Amino acid sequence: MSENKAPLSPERILSTLTTRWLGREVHWQARIGSTNDEAMRLAEAGCPEGTLVIAEEQLAGRGRAGRRWVAPAGAGLLFSVVLRPALPPAHAYYLTMIAGLAVASAVERETGLTTDLKWPNDVLVRGKKVAGILTEAVFQGEALSYAVVGIGVNVNADPAQLVEAGRAYREQDPTLAKMGLTASSLSAELGEPLPRLPVLAGILRQLEEYYEGVRAGHSPLPAWRARLVGMGEEVELLTPAGGIVGTAVDLTSDGALVVELPGGERRIFHAGQLTLRTHPR
Ligand code: BTN
């Protein structure tokens, strides 16, 4: 079996990681429902901060807004980490920001590809989505009790499979079908397959570093904003309440998007599916 396809066993992961504490407790499964669900279960049961749940295949992988995350078995990275930050609820979104930054910088280091981030949680290469992040936080009163940061990276997936997967869901969810058509993988953008383990180790290393910055009181907003595409551009935003068209003019300190509508009114959005109208992606 080639190195690129070899399963990511806990032994292989632990011998490659260069983190101090993140990912040092590994729960690996060949097949799982959703790594986020399993990480939530472990967090609830009191697992240590930094626990990593990783699988080769998800049968019920979840994306944002109740969507599916579809990925061919063994072709990508599907993992979740448990964090227990002392953050106010308004800053919970920092975790998605640092996960995006970690994926973007690790992918650049490992592949030489240039990455961008798209609000609120996509990692792009040449305008196509190669990774997504799903952060789920549990609060106790006004305090964050724990959070699970789930990351899916299309490493060696064939984009045709991703398009096909998107098509299979077109009827249930037209947005997902469209996402399938604008998705890609690192190997497709690079022109050759690549081993997954260094990408995983790089992401966890970067995430640990960014997370320690947040714990020390630093906002990741400036670094995140510097990598975001679409600021100042005309955008279309799909929200559960409907769609709007306007200009993405700003971000709030907690990462919400400020959109100026054609009449000049500014509205703040905490979630939604963003399309850039100048370069649709
Ligand atoms: C999105 O782009 O909508 C977020 C996708 C997040 C997918 C990852 S894969 C690992 C983890 N487990 C899940 O069920 N979802 C996240």
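Whatever order the structure lists them in is the order used to number ligands and atoms, beginning at 1. Residue numbers start at 1 and run along the sequence shown. The shown structure was predicted, so the numbers you read here are calculated from the model rather than taken from an experiment.
- For the side-chain contact (heavy atoms from CB on, under 4.5 Å) with L22, the qualifying choice from L83, T51, L52, I203 is L83, the only one to do so.
- Ligand 1 places these atoms under 4.0 Å from at least one heavy atom of G61: 14 (O).
- For the residue pair Y146/E44, the side-chain donor-acceptor check at 3.5 Å is satisfied.
- In this structure, of A55, A71, A39, G152, the residue bringing a heavy atom nearest to atom 8 (C) of ligand 1 is G152.
- Exactly one residue among Y93, Y210, Y94 makes a ring pair (Phe, Tyr, Trp, His ring centres under 6.0 Å) with W224. That residue is Y93.
- Using a 4.0 Å cut-off between charged nitrogen and carboxylate oxygen, E56 and R196 count as a salt-bridge pair.
- With a 4.0 Å heavy-atom cut-off, ligand 1 is reached by the backbone of I133 but not by any atom from C-beta on.
- Listed by number with element, the atoms of ligand 1 under 4.0 Å from a non-hydrogen atom of R64 are 1 (C), 3 (O), 4 (C).
- Proximity of R67 to ligand 1, defined as any heavy-atom pair under 4.0 Å, is not found for any part of the residue.
- In terms of the salt bridge (charged side-chain N to carboxylate O under 4.0 Å, His left out) criterion, R267 has no residue partners (sequence neighbours excluded).
- Close approach of ligand 1 to G63 is summarised as follows: ligand atoms under 4.0 Å from at least one heavy atom of the residue are 1 (C), 3 (O), 4 (C), 5 (C).
- In this model, a donor atom of one side chain and an acceptor atom of the other lie less than 3.5 Å apart for D254 and T252.
- Under 4.0 Å from ligand 1, the heavy atoms of S80 that appear belong solely to its side chain.
- Counting atoms of ligand 1 from 1 in the listed order, those under 4.0 Å from a heavy atom of T35 are 10 (C), 11 (C), 12 (N).
- In summary, the atoms of ligand 1 found under 4.0 Å from a heavy atom of G132, numbered by their order in the structure, are 2 (O), 4 (C), 5 (C), 6 (C).
- When Q58, R62, K129 are checked for heavy-atom proximity to atom 15 (N) of ligand 1, R62 turns out nearest.
- Within 6.0 Å of CZ in R227 there are more than 12 heavy atoms belonging to other residues, nucleotides or ligands.
- Looking only at atom types and distance, the side chain of H27 has no donor-acceptor partner in the side chain of Q29 under 3.5 Å away.
- Evaluated by nearest non-hydrogen atom to atom 1 (C) of ligand 1, the leading choice among L134, T135, N121, V53 is N121.
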